Amino acid sequence: MAAVLRKLIQGRLPALAGVLCRRSGNEGHLFLNSSGSTLMQPRCGYSSPTESVIVEMDKATGVALLKLNIPPVNSLSLPLLTELAIVLDKLEMDKHCRGLILTSAVPNIFSAGLNLFDMMDKPNEHYSEFWRAVQEIWIKLYGSSLANIAAINGSSPAGGCLLALCSDYRIMANNPHFTIGLNETRLGIVAPFWYDILQWRVHHPPPCLHLFVMALVFRLHVHHPSAMTKVTRAYSTELKISVSYVKQPINWRSHEIYK
Ligand SMILES: CCCCCCCCC/C=C/C(=O)SCCNC(=O)CCNC(=O)[C@H](O)C(C)(C)COP(=O)(O)OP(=O)(O)OC[C@H]1O[C@@H](n2cnc3c(N)ncnc32)[C@H](O)[C@@H]1OP(=O)(O)O
């Protein structure tokens with residue numbers, strides 16, 4: 001909670017909002033179209049060594065666009081998880097970076113979840129390393145001090161859904177062919193209890209959070225800059241409560257769904 005409040009105080013969420021709303025047209029503006037592709041003009045960029053994670057940093061706003069880039073399905077293999085962790089660490093340490101948007105460079109797929117081949121026919125040491133890497137990504141994204149949004153521009157089953165749930169907010173392309181959810185139960189993989197809680201929070205967001213983000217997405221700021229300021233001021237208390245709700249420490253004993 002402290003981390004989220006810190007983001008709010010440091011103005012990181014509004015910074016991210018600025019990227020979503022600042023300019024009209026396609027220039028510097030991120031949105032998802034019906035095919036799920038993201039449009040944004042980067043100011044400068046760098047990539048992880050194997051380009052499995054492409055990073056486009058908008059220096060003007062301090063918001064980094066991260067595109068997962070492992071065709072055919074962005075499955076979360078040990079190398080991809082490791083590179084993503086390195087990129088997240090770099091951004092966290094970059095004092096110019098204020099927020100990130102996680103999306104995919106692979107058409108129609110956000111992420112197919114954990115790489116199935118990393119979970120079979122491997123020595124025990126591999127499993128330890130793999131699950132440690134999974135856990136690390138969850139901790140880095142959920143505990144990040146940067147404001148982060150998942151721009152889900154394709155199907156996102158299982159671990160792909162987990163990536164999205166770790167973000168502060170999710171926007172998914174409106175395409176009936178794109179699916180999201182926990183299909184891994186069919187494979188006998190039991191999702192941990194906190195996964196449940198994350199989903200519950202996503203399905204029961206405080207109304208104010210929606211109001212705020214929707215206002216941004218519909219570019220209230222572009223068409224009515226003063227209205228956006230009014231919304232932010234009028235709901236400042238609710239907004240703080242909403243934002244602090246996004247990443248509460250998870251304590252299943254005290255959570256509503258376990259009472
Ligand atoms: C404390 C911390 C604890 C943390 C604990 C956290 C718990 C998290 C639990 C998470 C568990 C998981 O993620 S388990 C993973 C579950 N994921 C899945 O079951 C994904 C299933 N895949 C799909 O639904 C589909 O593939 C989908 C992504 C929609 C794309 O469909 P398409 O028709 O476009 O493509 P396909 O033809 O199916 O797939 C293209 C190729 O990609 C391969 N492929 C697809 N998914 C793959 C995958 N996950 N891993 C590897 N390879 C995959 C296929 O075999 C094909 O390979 P070729 O035939 O060689 O071309």
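Counting starts at 1 for both ligands and their atoms, in listed order. None of these values were measured; they are calculated from a predicted model.
- M93 belongs to no hydrophobic cluster with other residues, because no ILVMFWY side-chain heavy atom falls under 4.5 Å from its own, directly or through intermediates.
- Formation of a donor-acceptor pair under 3.5 Å by the S156 side chain with backbone atoms of F110 is not found in this model.
- I149 is not listed as a side-chain neighbour of D168, based on a closest heavy-atom distance of 4.5 Å or more.
- Identified under the salt bridge (Lys or Arg N to Asp or Glu O under 4.0 Å) test for residues 115-131, with sequence neighbours left out: none.
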Just list the N/O pairs, ligand 1 to protein, that are under 3.5 Å apart, with the distance for each.
| from | atom 1 | to | atom 2 | distance (Å) |
| --- | --- | --- | --- | --- |
| ligand 1 | 13 (O) | L114 | N | 2.8 |
| ligand 1 | 13 (O) | G159 | N | 2.9 |
| ligand 1 | 17 (N) | A112 | O | 3.0 |
| ligand 1 | 19 (O) | N183 | ND2 | 3.1 |
| ligand 1 | 49 (N) | A112 | O | 3.3 |
| ligand 1 | 49 (N) | L114 | O | 3.0 |
| ligand 1 | 50 (N) | L116 | N | 3.0 |

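- Residues E56 and K67 are in side-chain contact: their nearest non-hydrogen atoms beyond the backbone lie under 4.5 Å apart.
- Within the structure, every pair that satisfies the salt bridge (Lys or Arg N to Asp or Glu O under 4.0 Å) test and touches residues 134-152, not counting sequence neighbours, is listed here: D89-K140, E136-K140.
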